[in-house]
Enquirer: 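Before I ask anything, let me first share the structure, which is written out below as structure tokens.
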2 protein chains.
Amino acid sequence: MNISDVARDTGLPPKTIRYYEEIGLIRPMRGDNGYRVFRDSDVHKLAFLGRARTLGFSIEDCRTLLALYEDQDRASADVKQVAQDHLDKIEDKIAQLQSMQATLKHLVRECAGDNRPDCPILSDLAKG
Amino acid sequence: MNISDVARDTGLPPKTIRYYEEIGLIRPMRGDNGYRVFRDSDVHKLAFLGRARTLGFSIEDCRTLLALYEDQDRASADVKQVAQDHLDKIEDKIAQLQSMQATLKHLVRECAGDNRPDCPILSDLAKG
DNA sequence: TCTTGACCCTCCAGTGACTGGAATGCCTAT
DNA sequence: ATAGGCATTCCAGTCACTGGAGGGTCAAGA
């Protein structure tokens, strides 16, 4: 398989696939013409990576998860730890965004949004 | 005022303050020794920027908001538009994170987290 | 006066995870 | 032979800082 076939099948852009090779997540073979040749195992890994990225795991987490996936002797506890840590980070992020959301909603509601210059949004930013 | 005084008062690191000058958000004066000299108006602007950044506005949004703040003839509608667009983006982000959270919570709950290798988290990543 | 330590300065490189683009080469069909 | 659609590499840019090197300045104490 050539890179654009893999891109179609995995939903990852060719650029991203090349990047994943560059940082050592995959090691596709090369044909005589220098083209990458992807085996099923490469495609499988890329699909795995794509789904992990969709769940928001960092590239380093993905690397860890892939290693665990390939280690038949892994402990599920190790996988769970990675996922739990990531979940915690996501929940922190959500809380942070919800705090911004609450403030912004309030300010937007208070702002007349007309031709006059008076604006509670700017007043708030100007004086905390 | 020197940069570290301003850092203390605004909560922004000196590096960030220098960076804000570099990208033209502020224009502090210079003393004979080459040190930045911050006037009250600079400190005020930096505090404004710090609060806008806390609300998650991008640097470019901050630039726009600062310009609107300094324009006595602004329309509050323009400010409101910037804030509303930003709020929309935040809400999109929250929704996206909540979707990840839901999936991850489910997977983490399902995973035994013990010494055995069987793991629904990896199974999910491996097969969508 | 000299030294010490806490400031200040600039410039360069790195972060994360790609993405865009240039310059170039290969493959297939007409 | 040529056209187009693939493929390759390498470089630069994104965003908002952050760290560090290498060097100048200032104020206080011996």
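Here is how names work: the chains are called A, B, and so on, in the same order as the sequence lines, proteins then strands, and each is numbered from 1.
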Enquirer: Assign B:Ile23 to base, sugar-phosphate, or nothing according to its heavy-atom contacts below 4.0 angstrom with the strands shown.
Expert: nothing
Enquirer: Write down the distance between NZ (B:Lys15) and P (C:dC11), rounded to a whole number of angstrom.
Expert: 12 Å
Enquirer: Salt-bridge test for A:Lys45 and A:Asp42: reply yes if a basic N is under 4.0 Å from a carboxylate O, no otherwise.
Expert: no
Enquirer: Roughly how many Å is it from CG in B:Leu49 to C1' in D:dC15, rounded to a whole number?
Expert: 16 Å
Enquirer: Counting only side-chain N and O atoms of A:Thr16, is one of them less than 4.0 Å from OP1 or OP2 of C:dT19?
Expert: yes
Enquirer: Using a heavy-atom cut-off of under 4.0 Å over every strand shown, decide if B:Pro14 touches base, sugar-phosphate, or nothing.
Expert: nothing
Enquirer: Could you state the CZ-P distance from B:Arg18 to C:dT10, rounded to the nearest angstrom?
Expert: 7 Å
Enquirer: Looking only at side-chain N and O atoms, does B:Ser4 come under 4.0 Å of OP1 or OP2 in C:dC8?
Expert: yes
Enquirer: With a 4.0 Å cutoff (strictly under), does any side-chain N or O of B:Arg30 reach OP1 or OP2 of D:dT25?
Expert: no
Enquirer: What is the separation between atom CD on B:Glu60 and atom P on D:dC15, rounded to the nearest whole Å?
Expert: 8 Å
Enquirer: Of the candidate nucleotides D:dT8, D:dT25, D:dA7, which contains the atom at the shortest distance from the side chain of B:Tyr35?
Expert: D:dT25
Enquirer: C:dC18 P sits how many Å from A:Ile26 CD1, rounded?
Expert: 12 Å
Enquirer: Using a strict 4.0 Å threshold on nitrogen-to-oxygen distance, state whether B:Arg116 and B:Asp114 make a salt bridge.
Expert: yes
Enquirer: Please state how far atom CD in A:Glu22 lies from atom C1' in C:dG16, giving the value in whole angstrom units.
Expert: 13 Å
Enquirer: Can you tell me the distance, in whole Å, between the CG atom of B:Asn33 and the P atom of D:dG24?
Expert: 14 Å
Enquirer: Indicate whether any N or O donor in one side chain lies under 3.5 Å from an N or O acceptor in the other, for B:Asp92 and B:Gln96.
Expert: no
Enquirer: Choose from D:dA16, C:dC8, C:dC18 the nucleotide whose nearest atom is closest to any side-chain atom of B:Ile3.
Expert: C:dC8
Enquirer: Report yes if at least one side-chain N or O of B:Arg36 is closer than 4.0 Å to OP1 or OP2 of C:dT10; otherwise report no.
Expert: yes
Enquirer: Give one of base, sugar-phosphate or nothing for A:Tyr20, where a contact means two heavy atoms less than 4.0 Å apart.
Expert: sugar-phosphate
Enquirer: Which whole-number value in Å describes the distance from B:Phe38 CZ to C:dC8 C1'?
Expert: 11 Å
Enquirer: Any ion pair linking A:Arg8 and A:Asp5 (charged N to carboxylate O, less than 4.0 Å)?
Expert: yes
Enquirer: Using the salt bridge (Lys or Arg N to Asp or Glu O under 4.0 Å) rule, pick out the option among A:Lys15, A:Arg27, A:Arg36 that qualifies with A:Glu21.
Expert: A:Arg36
